[in-house]
> 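A single structure is presented below for examination.
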Amino acid sequence: MKEGMFTDMLATVRRIPKGRVSTYGEVATASGHPGAARQVVWALRAGKNVPWHRVLGAGGRIRLTGESALEQRLRLQTEGVTITGDKVDLKRFHHIFKPAKEPVA
DNA sequence: AAGATGACGCCCG
DNA sequence: CCGGGCGCCATCT
């Protein structure tokens, strides 16, 4: 039965370990839906038991606004993720998804 | 069916 | 770094 793109995306987000982050674009690609970064947002809004706070905009920038952004910062900091200004240093906290398969050529 | 929306991304000036 | 413009794509009006 067809699970759908949202399910794929949520499963991918759930693989981001505590204390690490990823981006909408990365999640889209890693879940098999390159270019569907916007759909990752729908998935996060609809999904449950999902570490949505670990997903950021390109460059590690927090894209949420208002109260939601505050909560995201709080949650990330609680996990030990450092936020400078409005972004996270991907060099330090970026989670690299395990390549689907095919070892590096 | 047509237009508007958005927690996006990338390129350009 | 910042703003502006365009492409993308499921969902909503």
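Just so we're on the same page: letters track the sequence lines, and every chain starts at 1. FYI, side chains are in, hydrogens and waters are out, and symmetry mates aren't considered; it's all heavy atoms of this structure. Source: prediction; values computed, not measured.
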> Which nucleotide, C:dC1, B:dG9, B:dG6, lies nearest any side-chain atom of A:R63?
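So the side chain of A:R63 is nearest to B:dG9.
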> Which heavy atom of A:R73 sits nearest to which heavy atom of A:I83, and what is that distance?
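That closest heavy-atom pairing would be CA-CD1, 3.6 Å.
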> In whole Å, what is the span from the CG atom of A:L44 to the P atom of C:dA10?
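My rounded result for the distance is 16 Å.
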> What's the CZ-C1' distance between A:R45 and B:dA7, to the nearest Å?
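From A:R45 CZ to B:dA7 C1': 7 Å.
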> Would you indicate which nucleotide in C:dC1, C:dT11, B:dC10 comes nearest to any side-chain atom of A:A58?
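The answer is B:dC10, which lies nearest to the side chain.
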> In this structure, which one of A:E79, A:Q77, A:Q72, A:E71 forms a side chain to side chain donor-acceptor pair (under 3.5 Å) with A:R75?
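Only match with A:R75 under side chain to side chain donor-acceptor pair (under 3.5 Å): A:E71.
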> Measure across A:T12 and A:S31 and return the closest heavy-atom pair with its distance rounded to 0.1 Å.
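Looking at all heavy atoms of both residues, the closest pair is OG1-CB, 3.1 Å.
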> Distance check needed: B:dG9 P versus A:L90 CG, whole Å only.
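Result: 11 Å.
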> Rounded to the nearest 0.5 Å, what's the gap from OG1 on A:T65 to CZ on A:R63? Could you check?
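Rounded to the nearest 0.5 Å, the OG1-CZ separation comes to 10.5 Å.
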> Quick one: A:Q39 CD to C:dT11 P, roughly how many Å, whole number?
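About 8 Å, once rounded to whole Å.
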> Choose from C:dA10, C:dC1, B:dG9 the nucleotide whose nearest atom is closest to any side-chain atom of A:Y24.
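Among C:dA10, C:dC1, B:dG9, the one nearest the side chain of A:Y24 is B:dG9.
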> Nearest whole angstrom, please: distance from the P of B:dA7 to the NE2 of A:H53.
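Spelled out: NE2 on A:H53 to P on B:dA7 is 19 Å.
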> Just the rounded figure in Å: distance from P of C:dC8 to CH2 of A:W42.
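Rounding to the nearest Å, CH2 of A:W42 and P of C:dC8 are 16 Å apart.
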> Please report the distance, rounded to the nearest Å, between NE2 in A:H33 and P in C:dT11.
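Rounded to the whole Å, the gap is 12 Å.
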> With the side chain of A:T23 defined as its heavy atoms from C-beta on, choose the nearest nucleotide among B:dG9, B:dA7, C:dC9.
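Looking only at heavy atoms from C-beta outward on A:T23, the closest nucleotide is B:dG9.
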> Between atom CD in A:E67 and atom P in B:dA7, what is the gap in whole Å?
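Answer to the nearest Å: 15 Å.
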